[in-house]
Asker: 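The following block contains the structure, expressed as structure tokens.
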Amino acid sequence: DTAVSQTPKYLVTQMGNDKSIKCEQNLGHDTMYWYKQDSKKFLKIMFSYNNKELIINETVPNRFSPKSPDKAHLNLHINSLELGDSAVYFCASRGGNSPLHFGNGTRLTVT
Amino acid sequence: AQSVSQHNHHVILSEAASLELGCNYSYGGTVNLFWYVQYPGQHLQLLLKYFSGDPLVKGIKGFEAEFIKSKFSFNLRKPSVQWSDTAEYFCAVNTNAGKSTFGDGTTLTVKP
């Protein structure tokens, strides 16, 4: 059973397109996150939701819009994709102050 | 604002060598500390964590870390590394506000 699953695993698209990444967790956690890992492996938080409520919104272009239909799901929609958006995007979840549980990542390549 | 600093960006060791990766954080309140490992092509996995109690914590695969409050440090150690330890290592801090902040990571390469 995959605890945090995100789809797709790979996403190759052209500049200007709009794409979405989906994430689901079956751990019963209240908090979910999106992280971006760039080519240098730096890991930066983008958003966090707690029980469907946005609680962390870092300095991210407004082309990125998270949506949480329920506490088990956190999707990421990206409008007008740019070359610099190419990265690996990780979804994660956490219950209370416990460690983060990460998904397997979505490798986004914008051409 | 909290921050996490990992001093070693790339460490190269031979098998059986000892490892110590530095991690310092800046935050004045109560923190929970973590080390995560990311094997090539994979997602981050928890190595070990510190919440309270004994400042020397042991994790999986022979790793341990020591929390030194006065130095705001949480260094990761392993007495004898293996080729399979080649990975990216991230130190992270959770604050009471629920935010997780990661260091920039350390790439460990172990030569067979």
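Chain letters run A, B, ... following the sequence lines, proteins first and then strands; every chain starts at 1.
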Asker: What residue pairs, at least two apart or across chains, pass side chain to side chain donor-acceptor pair (under 3.5 Å) with a residue in residues 8-17 of chain B?
Answerer: B:His10-B:Thr109
Asker: Among residues 42-49 of chain B, which residues come closer than 4.5 Å to chain A, judged by heavy atom distances?
Answerer: B:Gln42, B:His43, B:Leu44, B:Leu46, B:Lys49
Asker: Name all residues meeting the side chain to side chain donor-acceptor pair (under 3.5 Å) criterion together with A:Thr7; count only those two or more places apart in sequence or in a different chain, and write none if there are none.
Answerer: none
Asker: Tell me, out of A:Gly103, A:Gly105, A:Ala92, who's got the most heavy-atom pairs with chain B below 4.5 Å.
Answerer: A:Gly103
Asker: Shortest non-hydrogen contact from B:Gln6 to B:Trp35?
Answerer: NE2-CZ3, 3.6 Å
Asker: Indicate yes or no: does B:Glu64 engage B:Arg77 in a salt bridge with an N to O separation below 4.0 Å.
Answerer: yes
Asker: Measure distances from A:Glu58 to the heavy atoms of chain B and classify the residue's part below 4.5 Å as side chain, backbone, both or neither.
Answerer: side chain
Asker: Who passes side chain to side chain donor-acceptor pair (under 3.5 Å) against B:Asp54, sequence neighbours left out?
Answerer: none
Asker: Is the shortest side-chain N to carboxylate O distance from A:Lys52 to A:Asp30 below 4.0 Å?
Answerer: no
Asker: Do B:Lys78 and B:Glu20 sit within salt-bridge range, that is, some charged N less than 4.0 Å from a carboxylate O?
Answerer: no
